[in-house]
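Numbered from 1 within each chain, the chains take letters A, B, ... in sequence-line order. This is a predicted model, so every value here is computed, not measured.
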2 protein chains.
Amino acid sequence: MDFAQADAVNQAIRLLALRHRARITALLAPLGLHPGQEALLLELARTGPMIQAKLSGALAVEPPSVTLMTRKLEAAGHVRRVPAPGDRRASVVELTEGGAALVERVKELWCGLAEETLAGVPDATAAELPALLRTLAGNVDARRGREG
Amino acid sequence: MDFAQADAVNQAIRLLALRHRARITALLAPLGLHPGQEALLLELARTGPMIQAKLSGALAVEPPSVTLMTRKLEAAGHVRRVPAPGDRRASVVELTEGGAALVERVKELWCGLAEETLAGVPDATAAELPALLRTLAGNVDARRGREG
DNA sequence: CGCATAACGTTATCCGCATAACCAACTCTA
DNA sequence: TAGAGTTGGTTATGCGGATAACGTTATGCG
């Protein structure tokens, strides 16, 4: 593959990443949330309370990031940490009532953002987009056995 | 649009962004570069020396980020800042010889990364991918006049 | 059982990127 | 030409996310 094509792909991914995150930042600001935190809250809403290690895996983020984010979300009252039954090392993270309410507002923003993002994209393309992006993400997953 | 679809789209974008950046981090580490810096170097290689403000626009990044990144790249000897002719506020950023040589190595990684990213994706889809991603990026561009 | 190893979580430190606030210099216009 | 407003750049600060190093608790094996 020549450089021009490779550059087009890599640059486009970077640009989308930056802009999407920037838009999330703007949308979340009125709720007092920072980008990344919504992912944590939504994951808890999807799957229910879970250990930080599992959260780390679900968010594709390293454990120290989870530690700090949960601390801040806990300080904001959106999340609660309770000792894990049967494992004194672990703590279970769960949504508070306020957190659950906040998630509902995040979900609305989430839908608006997706619609906005897909504006002008044919329905067929839009339908295949998540799978396509997940394929790309899987291809560059650093945890897959490869040389890098 | 219902939440499940919106979530699939937003989550996929976030995951691709994280993994792609993580892979870039791993690939760039042997060169002593951090993700984001390669974009600056490549932009200088593409377009030639330019003012920081223009760099900020080209990278879709805010001016303070450019200030810090150029300082670090300058300290590493990859980049040089020279006073802009005709504007005593501005400084022109340009590649040093070492920086230009480094860019060649980055370009190789760049091609490898794109191939890796597109593994298993049909050629027709891959060919349209940059334009598609750029459309999505344009749709969520916070600088476009919108309510947010 | 006891010891080595693995797993959970935390702290410290670094970078990218953002906003807010500010100074210096350029430009436009009254 | 003088002042207003704009633009280029920097500093300060905060967050997400990463790695490295560490203490604590489970677990697996001899």
Nearest heavy-atom contact between L18(A) and A60(B) is CD1-O, 3.9 Å

Closest heavy-atom pair, L27(B) versus L109(B), reported as atoms and distance to 0.1 Å, is O-CD1, 3.3 Å

Convert the base pairs of DNA chain D into dot-bracket notation, remembering that pairs crossing earlier ones are written with [ ] and that bases paired across to another strand are shown as |; include only Watson-Crick or G-U pairs under 3.5 Å.
||||||||||||||||||||||||||||||

After noting the C-alpha distance and the side-chain angles of L129(A) and L132(B), does the key distance pass the side chain to side chain contact (heavy atoms under 4.5 Å, CB included) rule?
CA-CA 10 Å; L129(A) 187 66; L132(B) 172 59; 3.8 Å; yes

Distance, rounded to the nearest Å, where [X] contributes [atom1] and [N] contributes [atom2]:
X: R71(A); N: dG9(C); atom1: CZ; atom2: C1'; result: 9 Å
X: L55(A); N: dG17(D); atom1: CG; atom2: C1'; result: 14 Å
X: L59(A); N: dG17(D); atom1: CG; atom2: P; result: 8 Å
X: L28(A); N: dG16(D); atom1: CG; atom2: C1'; result: 13 Å
X: H78(A); N: dC15(D); atom1: NE2; atom2: P; result: 14 Å
X: R88(B); N: dC26(C); atom1: CZ; atom2: C1'; result: 9 Å
X: R19(B); N: dG17(D); atom1: CZ; atom2: P; result: 13 Å
X: I24(A); N: dG16(D); atom1: CD1; atom2: P; result: 13 Å

Assign S91(B) to base, sugar-phosphate, or nothing according to its heavy-atom contacts below 4.0 angstrom with the strands shown.
sugar-phosphate

Name all residues meeting the side chain to side chain donor-acceptor pair (under 3.5 Å) criterion together with R80(A); count only those two or more places apart in sequence or in a different chain, and write none if there are none.
E94(A)

Starting the side chain at C-beta, find the nucleotide from dG9(D), dA25(C), dT10(D) nearest to A53(B).
dG9(D)

Taking T25(A) for its side chain and P35(A) for its backbone only, find out whether a donor-acceptor pair lies under 3.5 Å.
no

Would you kindly say whether Q52(A) and R81(A) are connected by a side-chain donor-acceptor distance under 3.5 Å?
yes

Got a salt bridge between R23(B) and D141(A), using NZ or NE/NH1/NH2 to carboxylate O under 4.0 Å?
no

Any carboxylate oxygen within less than 4.0 angstrom of a Lys/Arg side-chain nitrogen, looking at R46(B) and E43(B)?
yes

Can you check side chain to side chain contact (heavy atoms under 4.5 Å, CB included) on H20(A) and L113(A), steps first, answer last?
CA-CA 9 Å; H20(A) 192 251; L113(A) 174 59; 3.6 Å; yes

Produce a footprint string for nucleotides 14-21 of chain C: one letter per nucleotide, 5' end first; B if the base is under 4.0 Å from any protein heavy atom, S if only the sugar-phosphate is, - if neither.
-SSBBBB-

Below the 4.0 Å mark, does dT10(C) have OP1 or OP2 next to a side-chain nitrogen or oxygen of T67(A)?
yes

Does a side-chain N or O from Q52(A) land closer than 4.0 Å to OP1 or OP2 of dA7(C), or not?
no

